[in-house]
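What follows is a short report on a single structure.
Below, each value reflects all heavy atoms present in this structure, side chains not excepted, and no hydrogens, waters or symmetry copies. Note that this is a predicted model, so its numbers are computed, not measured.
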Amino acid sequence: MKIKEIKAALNGLVDDIAQCDADYCEEEIRTWLMAATLKVWAGNKLFSEDYVQLLPVFKGQNYTVAQVIAALDCAGDDSREMNIPMFFRNIAAKDKENNTSKSRTIADSIGRFLVLAALINGDFTIDEANALMGISDLLLDYCDEQRVAAGKEREYHPEMVTPLNQTGYCRPLSDDKRREEVNPLSGSDVSASPAENSAPTITLNISLAPEQSDELDVFAPASGVTVSKPAAGEDDAEETLESVLAELHGLVGLDKVKNDVQSLLNFIRICQMRTQRGMKVPAVSYHLVFTGNPGTGKTTVARMVARLYYLMGILPQGQLVETDRSGLVAGYLGQTAIKTQKVIQEALGGVLFIDEAYALANDKEDSYGKEAIETILKAMEDHRDELVVIVAGYDELMHKFIESNPGLRSRFNKYFHFPDYTGSDLLAIFDRFCETNGYTLAEDPAAPLRERLDEMYANREEHFGNARAVRNLFERAINQQANRLVMDSNITDSKLAELTLEDILLALEMM
């Protein structure tokens, strides 16, 4: 949908209203239509770059990305409603006096315009189109109340329209709610007329954040963010809950974690059964805290949890978005919320996995980290049916992190501890690396390798790398094998596959 087409539709609608009401105020009309458009966009999951390009069409001035996102956040607040605009009331009053039906035509045009504006977003649906045309229905209901003459029949079938609820875009406000409001995206006042039966033109109060530097491109993939999508290939089309659980239980070690995940899923299953049978269900929190040292499988298990939640119908998509402080915090106050919201948008429908989450609250004076936390907490509340957050990090630091904020304490009450791998576990992980990459381990290096891995486990420190240390060892071993074989004029397949004692000892020396 091109911006010029929406601009033409807007100008045409404003001209039509002007012809119906000689006393119209173009500023008032454009303000109301822009606020209604923001309300429409606020209901979408996706943020479109076209929003920034389209808004100047309404008021003839440009707005930054930060301003638009702040306006959308306010517009999405359920407590902020839009009432029947005064310009529409005036047209309906004249229709009643002159026995005409121009207000009915305008009502239909407003719904069609909002559908046109909504089309620039990538997640626009037929249901949304019907709901937006429902705005026209509410305006037409007002025409009926005012006994406006009937106009020509609408071109769509009313029985196919999903009406808006009582807190919709055009709900008339009671007298006690009529108050002075701030005009969105401008700061000018729009006050209610003291005349009887009048109402404020707009009741959508949008507070804008200060203009921010354009150095942050919220449309580009955020640095420090990795997106892992659930299996979708032909070989994975038959993925089931049982197959993912088998994969989980096939991981090396982590017996307690496996039992904890299984126990959580069992509880969820029972709750789902109770729901289906109309029984009371206790509140279930799907958000998790993973504690443990690096390299203990936290990210791997988080990806599996995302897939399991998807297969159980808890999440609509099941992707995992992995990030840390660098992927959430920006260089300026105000921009952190924008950057964090961008990551949240990528995670909607799946799991947001925040590694080393304690880094967001290490310092009480860290307003940037606090801003990220508050943005995430709000998203967890606003998108409770389509967003799960898993935070991870060192044991003690994660407990301090959760206790640092009442909102975190209330949302995170399930802790999964990931213990360090034992020497036997580390050897099994090394064997897995060999098997996965098509290598075999000769018998003679097995004993010294096991001895060294036992030693690594026994002498481990706080930052022990666990599986990461084994990965590094494996990569050094295959590099040593390459150095050894490169001058061999008779390299057989078995030589290419085998890691010898020499390769392992040289790799261990480099650890």
Side-chain angles (χ1 to χ4, degrees), residues 38 41-47 64-80 184 205-213 215-216 218 222-225 283 285-290 321-393 397-414:
L38 283 166
W41 291 344
N44 292 329
K45 295 179 182 178
L46 304 178
F47 182 94
T64 66
V65 171
Q67 286 178 310
V68 175
I69 289 180
L72 290 173
D73 184 57
C74 291
D77 189 339
D78 290 338
S79 66
R80 302 181 188 276
N205 181 8
I206 297 177
S207 302
L208 291 180
E211 290 194 11
Q212 306 293 342
S213 166
E215 293 179 6
L216 175 64
V218 299
S223 60
V225 178
S285 175
Y286 303 114
H287 309 296
L288 305 173
V289 181
F290 286 0
V321 174
E322 179 186 356
T323 189
D324 56 15
R325 179 185 171 93
S326 67
L328 300 171
V329 173
Y332 303 93
L333 275 179
Q335 286 187 337
T336 288
I338 301 172
K339 191 172 183 180
T340 302
Q341 286 170 352
K342 174 65 176 176
V343 177
I344 291 170
Q345 289 294 321
E346 293 176 345
L348 286 183
V351 170
L352 174 60
F353 179 75
I354 308 174
D355 198 13
E356 298 180 348
Y358 53 81
L360 295 172
N362 267 348
D363 186 350
K364 293 183 179 179
E365 303 300 322
D366 179 13
S367 54
Y368 299 96
K370 181 179 179 181
E371 186 177 7
I373 292 172
E374 294 300 330
T375 303
I376 293 167
L377 289 175
K378 185 177 187 304
M380 292 169 70
E381 181 65 26
D382 294 345
H383 304 284
R384 61 179 65 186
D385 295 327
E386 54 184 348
L387 177 67
V388 168
V389 179
I390 300 177
V391 292
L397 293 175
M398 287 306 298
H399 283 280
K400 290 181 179 179
F401 168 69
I402 298 299
E403 292 300 318
S404 70
N405 185 299
L408 294 173
R409 287 198 301 272
S410 66
R411 289 171 176 82
F412 292 97
N413 53 27
K414 291 184 176 64

Which pair of non-hydrogen atoms, one from T336 and one from E371, has the smallest distance, and what is that distance?
CB-OE1, 3.4 Å
For the atom pair OG (S285) and CE (M380), what is the distance rounded to the nearest 0.5 Å?
6.5 Å
With rounding to the nearest 0.5 Å, note down the distance linking CG in L288 to CD1 in I390.
5.0 Å
E386 CD to L348 CG distance, which is reported to the nearest 0.5 Å
5.0 Å
For Y368 and R325 the tightest heavy-atom approach is CB-NH2, 4.3 Å
Is it true that a side-chain atom of K339 and a backbone atom of V329 form a donor plus acceptor pair closer than 3.5 Å?
yes
Residues forming a ring-ring contact (aromatic ring centres under 6.0 Å, His included) with F401, sequence neighbours excluded:
none
Evaluate side chain to side chain contact (heavy atoms under 4.5 Å, CB included) for I354 paired with I376, printing each intermediate quantity in order.
CA-CA 11 Å; I354 308 174; I376 293 167; 3.6 Å; yes
Holding to salt bridge (charged side-chain N to carboxylate O under 4.0 Å, His left out), I want the full list of residues that pass it with K400, two or more places apart in sequence or in another chain.
E396
Of all heavy-atom pairs between M398 and V391, which one has the smallest distance, and what is that distance?
CE-CG2, 3.6 Å
Got a list of side-chain donor-acceptor pairs under 3.5 Å for residues 405-413, not counting sequence neighbours?
from, atom 1, to, atom 2, distance (Å)
N405, OD1, G407, N, 2.7
N405, OD1, L408, N, 3.4
N405, ND2, E374, OE2, 3.2
R409, NH1, E403, O, 2.8
S410, OG, P406, O, 3.4
S410, OG, G407, O, 2.9
R411, NH1, G407, O, 3.1

Heavy-atom pair of closest approach, residues L360 and A372:
CD2-CB, 4.2 Å
With A347, which residues qualify under side-chain contact (heavy atoms from CB on, under 4.5 Å), at least two apart?
V321, L352, L387
